[in-house]
Enquirer: 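Below: one structure in structure tokens.
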Amino acid sequence: MESMLSIAQVLIAIAMIAIILVQRGPGAAAGSGFGAGASGTVFGARGSGSFLTRSTAVLATGFFVVSMVMAVMAGQALKRDPTADLGVMGAAAPAIESTDVPAAPAIEGDVPAMPAAEDETPAGEEPDA
């Protein structure tokens with residue numbers, strides 16, 4: 001359903017662009033006063049203005065309606081249960097926590113210092129130069 005609405009939205013947008021680009025601008029009416037009338041056109045003596053204007057209004061209304069339907073559908077999709085989209089992972093059993101892990105042994109007394117390497121000078125002494 002969403003893909004059909006998306007396709008309709010794109011087709012309506014393309015049709016609107018084409019119809020808007022075909023329409024004459026306001027400066028084109030001045031040419032008809034000098035004999036460049038549109039009496040022999042496909043749309044009749046009144047010209048294509050009313051047909052293209054109505055077509056644009058119908059397509060704009062359709063674009064608005066499809067946009068609103070898609071927005072409502074997207075809002076309803078957010079209200080769905082999030083675990084419904086997990087597929088196989090939604091049916092998996094939760095991980096079992098193990099409580100028989102032994103604790104780390106406690107160190108009694110002072111922690112022994114790491115022995116110095118033979119080529120290093122012990123801490124606190126000056127190196128012989």
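Not measured: the values here are computed from a predicted model.
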Enquirer: Calculate, to the nearest 0.5 Å, the distance between atoms CD1 and CD1 belonging to I12 and I17 respectively.
Expert: 12.0 Å

Enquirer: List the atom pairs, with distances to 0.1 Å, where a side-chain N or O of residues 58-68 and a protein N or O form a donor-acceptor pair under 3.5 Å, not counting sequence neighbours.
Expert:
residue	atom	partner	partner atom	Å
T61	OG1	A57	O	2.8
S67	OG	Q9	NE2	2.8
S67	OG	F63	O	2.8

Enquirer: What residues, two or more places apart in sequence or in another chain, satisfy side-chain hydrogen bond (donor to acceptor under 3.5 Å, both in side chains) together with T56?
Expert: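 Testing T56 for side-chain hydrogen bond (donor to acceptor under 3.5 Å, both in side chains), a comparison that skips the adjacent residues, returns Q23.
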
Enquirer: Side-chain heavy atoms under 4.5 Å apart, restricted to Ile/Leu/Val/Met/Phe/Trp/Tyr: what other residues fall into the cluster of V72, or is it alone?
Expert: none

Enquirer: Who else is in I14's hydrophobic cluster (ILVMFWY, side-chain heavy atoms under 4.5 Å, direct or via others)?
Expert: V10

Enquirer: Given side chains that start at C-beta, do those of S6 and M70 come closer than 4.5 Å, heavy atoms only?
Expert: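 Yes - at least one pair of side-chain heavy atoms lies under 4.5 Å apart.
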
Enquirer: Through direct or indirect side-chain contacts below 4.5 angstrom among Ile, Leu, Val, Met, Phe, Trp and Tyr, which residues connect to M4?
Expert: none

